[in-house]
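The sequence lines fix the lettering, A, B, ..., with proteins before strands; numbering per chain opens at 1.
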Protein chains: 2
Amino acid sequence: MTSSRRPLLVHPPVADLRLVAVLNALADPTRLTIVATLRDGGERPCGTFPVSVAPSTLTHHFRVLREAGVIRQREQGKQRWTDLRLEDLDARFPGLLDAILASAPEGLAVGRR
Amino acid sequence: MTSSRRPLLVHPPVADLRLVAVLNALADPTRLTIVATLRDGGERPCGTFPVSVAPSTLTHHFRVLREAGVIRQREQGKQRWTDLRLEDLDARFPGLLDAILASAPEGLAVGRR
DNA sequence: CCTTCCTTTCGACGATCGTCGTACGATGGT
DNA sequence: ACCATCGTACGACGATCGTCGAAAGGAAGG
């Protein structure tokens, strides 16, 4: 069978998205880099993001983004694919992500803080 | 003379505004309430904000907002007037504050966290 | 001068954050 | 089977955060 998905990834429904949580999720250089990378390149596996932090740290950032409703994650084989919840975000907070990402692409401190 | 201004309020120039700092400043219910109140009512003294935190806590939040470049403060007599740096923010991060405040006005947790 | 009002500064406190290393789990190929 | 790969879970660590109370300071008015 193709069904497994152990961790049972939790994604909050659109109605539950909270502005403060989204802003807090985006108020970090590493997480902003993740989001900007997804905006530019679309869905991709966890290990392919241009950030230089430990894998466990990356997992932590993904959880913050996922629980805030900014990203969506699905499992396929060995790797976990991550994508932006663009439509959902825009339905709940119109123009927010666009405005943020329009100012974000340059000068992102990717490395360690 | 009318010049005194003991604390020498520091306001970062437009070019120095950092997106992460702005998002971080806005990622707090109390500070978001402050900003939304300013947007609705314009400039006002510190003590007139509908937030229920201790005065010293309020001062702390004002400093975070001021150093992020979100608000401007000036002294007049006994009280300190606070205002939004709307034009500056919009020049540096076009549409950002509008998008945030458009989603902010309702359901702000004003009280203690 | 003295008092009152408005706000700040200075610790202090518990809570949360970002980071890491280690260990574990699940998948897919050899 | 075995093993390499990808990502997570679990502490743990120092740093920062939001909160407060107590004390201080400047401004305006008696």
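In this structure, B:Leu65 is a member of the same hydrophobic cluster as B:Leu96, with clusters built from ILVMFWY side-chain heavy atoms closer than 4.5 Å. Under the 4.5 Å side-chain heavy-atom criterion for Ile, Leu, Val, Met, Phe, Trp and Tyr, A:Leu23 and A:Leu86 are members of the same hydrophobic cluster. Hydrophobic clustering (side-chain heavy atoms under 4.5 Å, transitive across Ile, Leu, Val, Met, Phe, Trp, Tyr) groups A:Leu97 together with A:Leu19.
Distance CD (A:Glu67) to C1' (D:dT8): 14 Å, rounded to an integer number of Å. Atom CZ in A:Phe49 sits roughly 15 Å away from atom P in D:dC6 (whole-Å rounding). As a whole-Å value, the separation of A:Phe62 CZ from D:dT8 P is 7 Å. As a whole-Å value, the separation of B:Arg74 CZ from D:dA27 C1' is 15 Å. Between A:Asn24 atom CG and C:dT16 atom C1' the separation is 10 Å, expressed in whole Å. One interatomic measurement links the two molecules: CD of A:Glu75 to P of C:dA26, which rounds to 11 Å at whole-angstrom precision. D:dG21 atom C1' lies 16 Å from atom CG of B:Leu58, rounded to whole Å. Here C:dA26 presents its C1' atom at 15 Å from CD of A:Gln76, a figure rounded to the nearest Å.
To the nearest 0.5 Å, atoms CZ (A:Arg66) and CG (A:Leu9) are separated by 5.0 Å.
Residue-level contact check: A:His60 touches the bases, meaning some heavy atom is under 4.0 Å from a base atom.
Scanning atom types as modelled, one donor and one acceptor separated by under 3.5 angstrom connect the side chain of A:Ser56 and the base of C:dG21.
Listed pair B:Thr57 / D:dG18 fails the phosphate criterion, with no side-chain N or O lying under 4.0 Å from OP1 or OP2. Between B:His61 and D:dC17 there is no side-chain N or O to OP1 or OP2 distance below 4.0 Å.
Over its length, the helix from C:dC1-D:dG30 to C:dT30-D:dA1 turns its helix axis by 10°, as judged from the five terminal pairs at each end, rounded to 10°.
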Pick out the pairs of N or O atoms, protein on one side and nucleotides 3-7 of chain C on the other, that lie under 3.5 Å.
residue: C:dT7; atom: OP1; partner: B:Cys46; partner atom: N; Å: 3.1
residue: C:dT7; atom: OP2; partner: B:Gly47; partner atom: N; Å: 2.9

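Atom CZ of A:Arg44 sits in a crowded spot, with more than 12 heavy atoms from other residues, nucleotides or ligands closer than 6.0 Å. Within a 6.0 Å sphere centred on CZ of A:Arg72, heavy atoms belonging to other residues, nucleotides or ligands number more than 12.
Put simply, the side chain of A:Phe49 does not reach to within 4.5 Å of the side chain of A:Thr33, judged on heavy atoms.
Among D:dT19, C:dT9, C:dT19, the nucleotide with an atom closest to any side-chain atom of A:Thr30 is C:dT19.
Of the options A:Arg80, A:Glu67, A:Gln73, a side chain to side chain contact (heavy atoms under 4.5 Å, CB included) to A:Phe62 is made by A:Gln73 and by none of the others.
Not counting sequence neighbours, the partners of A:Asp88 by the salt bridge (Lys or Arg N to Asp or Glu O under 4.0 Å) test are A:Arg85.
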